[in-house]
Number of protein chains: 2
Amino acid sequence: MEERDVELIVQSMNRLGLRITDQRKTIAQLFANATGFLSAKEVFLGMVDKYDGISFDTIYRNLRLLKELGVIEQFQIEDSYKYRVACFGHQHHHHHMICLSCNRVIPLESCPMDNFQAPDQFRIVKHRFEIYGYCDNCQQQGMGEDAETISA
Amino acid sequence: MEERDVELIVQSMNRLGLRITDQRKTIAQLFANATGFLSAKEVFLGMVDKYDGISFDTIYRNLRLLKELGVIEQFQIEDSYKYRVACFGHQHHHHHMICLSCNRVIPLESCPMDNFQAPDQFRIVKHRFEIYGYCDNCQQQGMGEDAETISA
DNA sequence: CTACAGATAGTAATTATTACGATGTGAAAG
DNA sequence: CTTTCACATCGTAATAATTACTATCTGTAG
């Protein structure tokens with residue numbers, strides 16, 4: 001991403017009533033420059049150079065706030081939380097395909113609930129649907145050739 | 001569940017090459033008697049009376065082993081891991097509806113991947129699909145009446 | 001009965017996350 | 001440009017969940 005994208009993130013922070021601190025600008029930069037996901041730890045590591053005594057409180061509080069306000073999205077990948085800039089242009093309900101090699105996220109337009117009828121008078125409140133595999137690029141670089149489809 | 005179900009679990013442990021220790025018998029009992037899920041902590045609490053110096057190692061090692069061997073299934077509910085006896089009679093690939101009130105698990109026969117075509121030459125390795133809501137029983141007891149459908 | 005690989009106890013270490021009082025600061029108002 | 005103060009951060013501690021490891025114990029094959 002480019003400088004313009006940092007501005008977009010900072011602007012949305014501002015619009016949502018958050019103060020624009022130096023630390024938050026840096027968080028915006030980190031997410032704008034990230035190719036894939038960032039874990040809390042990675043955000044910390046990206047900040048600790050510039051703010052050498054930075055508090056975990058600052059990291060976790062901002063990640064939580066930005067998630068709640070919809071600026072970033074939280075994913076659960078391989079048993080741990082990771083974050084990325086929310087899919088702009090996909091504000092409506094959608095799902096994702098996630099590349100196990102490069103962590104690229106491909107938004108999906110279709111939702112399995114569109115043509116699903118719950119049995120047993122079950123009242124559906126929410127659902128979770130994610131696809132994992134290897135994207136076109138990574139396959140061409142030989143990734144995932146040997147990977148078997150896991151039925152789970 | 002009944003005594004017979006404890007035996008089934010113990011037998012499958014045995015068949016899979018695990019030694020039948022007292023502790024493992026007790027774990028089998030806990031899962032056989034559980035109405036819903038058990039967290040690692042709950043398993044610990046269920047064992048600590050009988051084995052007062054029981055090690056976390058024992059709990060976590062056995063949960064991991066039993067999960068890997070397919071005796072129990074691991075779910076992620078409300079940001080934490082919980083376990084239950086695997087769906088016997090549903091050894092093939094399937095998904096679940098999970099009641100947010102009583103934690104009842106309803107196996108689903110249909111899989112969203114059955115009629116799904118991945119775009120972008122994405123090579124699908126695995127997927128995750130879970131439905132959360134309120135089961136028939138809990139709705140009749142007034143649970144989930146006010147719950148709104150969450151698009152996420 | 002014996003031997004031993006595997007299991008457990010007891011404890012420590014690691015990791016992730018949350019909490020909180022003191023201090024600092026963005027930005028709104030004057 | 002100052003003042004002000006709610007919000008943000010720092011520094012540190014606490015909590016929680018999980019993993020690690022060694023000495024000891026035990027299920028079970030032979």
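Naming: A, B, ... by sequence-line order, numbering from 1 per chain. Owing to the predicted nature of the structure, the values given are computational and were not obtained by experimental measurement.
Between the side chain of A:Ser55 and the base of D:dG11, a donor-acceptor pair under 3.5 Å is found.
Between the P atom of D:dC7 and the CG atom of A:Leu69 lies a distance of 14 Å, rounded to the nearest Å. The separation between B:Asn62 atom CG and C:dA9 atom P is 10 Å, rounded to whole Å. Atom CD1 of B:Ile54 and atom P of D:dT18 are 16 Å apart (whole Å). Between the OH atom of B:Tyr83 and the C1' atom of D:dA17 there is a distance of 11 Å, rounded to whole Å. We find that OH of B:Tyr60 is positioned 15 Å from C1' of C:dA12, with the value rounded to whole Å. Here the P atom of nucleotide D:dG11 and the CD1 atom of A:Ile59 are 13 Å apart, to the nearest Å. Rounded to an integer number of Å, the gap from CZ of B:Arg64 to C1' of C:dG6 is 14 Å. If you take CG of B:Asn14 and P of D:dT28, they are 7 Å apart, rounded to a whole angstrom.
When only modelled atom types and interatomic distance are considered, A:Thr58 and A:Tyr51 share no side-chain donor-acceptor pair under 3.5 Å.
Listed pair B:Arg61 / C:dA7 fails the phosphate criterion, with no side-chain N or O lying under 4.0 Å from OP1 or OP2. In terms of phosphate contacts, B:Thr58 brings no side-chain nitrogen or oxygen within less than 4.0 Å of OP1 or OP2 of C:dA7. Phosphate proximity of D:dC10 to A:Gln23: present, with a side-chain N or O under 4.0 Å from OP1 or OP2. Listed pair A:Ser80 / C:dA16 fails the phosphate criterion, with no side-chain N or O lying under 4.0 Å from OP1 or OP2.
The side chain of A:Arg19 lies closest to C:dG26 when the candidates are C:dG26, D:dC10, C:dG10. Among the nucleotides C:dC20, C:dT11, C:dT8, the one closest to the side chain of B:Thr21 is C:dT8. Here D:dC21 is the nucleotide among D:dC21, C:dA19, C:dA27 with the atom lying nearest to any side-chain atom of B:Asp57.
Between B:Tyr81 and B:Leu18, the residue anchored nearer the 5' end of DNA chain D, judged by the nucleotide with its closest heavy atom, is B:Tyr81. Taking for each of B:Phe56 and B:Asp22 the nucleotide of DNA chain C with the nearest heavy atom, the 5'-most of the two is the partner of B:Asp22.
By the 6.0 Å contact criterion, CG on B:Asp22 is enclosed, its count of non-hydrogen atoms from other residues, nucleotides or ligands being greater than 12. For A:Asp52, the CG atom is loosely surrounded, since the number of other residues' heavy atoms within 6.0 Å does not exceed 12.
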(Q) Could you walk me through whether B:Phe116 and B:His127 satisfy the ring pair (Phe, Tyr, Trp, His ring centres under 6.0 Å) test, starting with their C-alpha distance in whole Å, then the side-chain angles of each, then the deciding distance to 0.1 Å, before giving a yes or no? (A) CA-CA 12 Å; B:Phe116 179 85; B:His127 63 283; 9.3 Å; no
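A cation-pi arrangement is not found for A:Lys82 relative to A:Phe75, the charged atom failing to lie both closer than 6.0 Å to the ring centre and inside a 45° cone about the ring normal.
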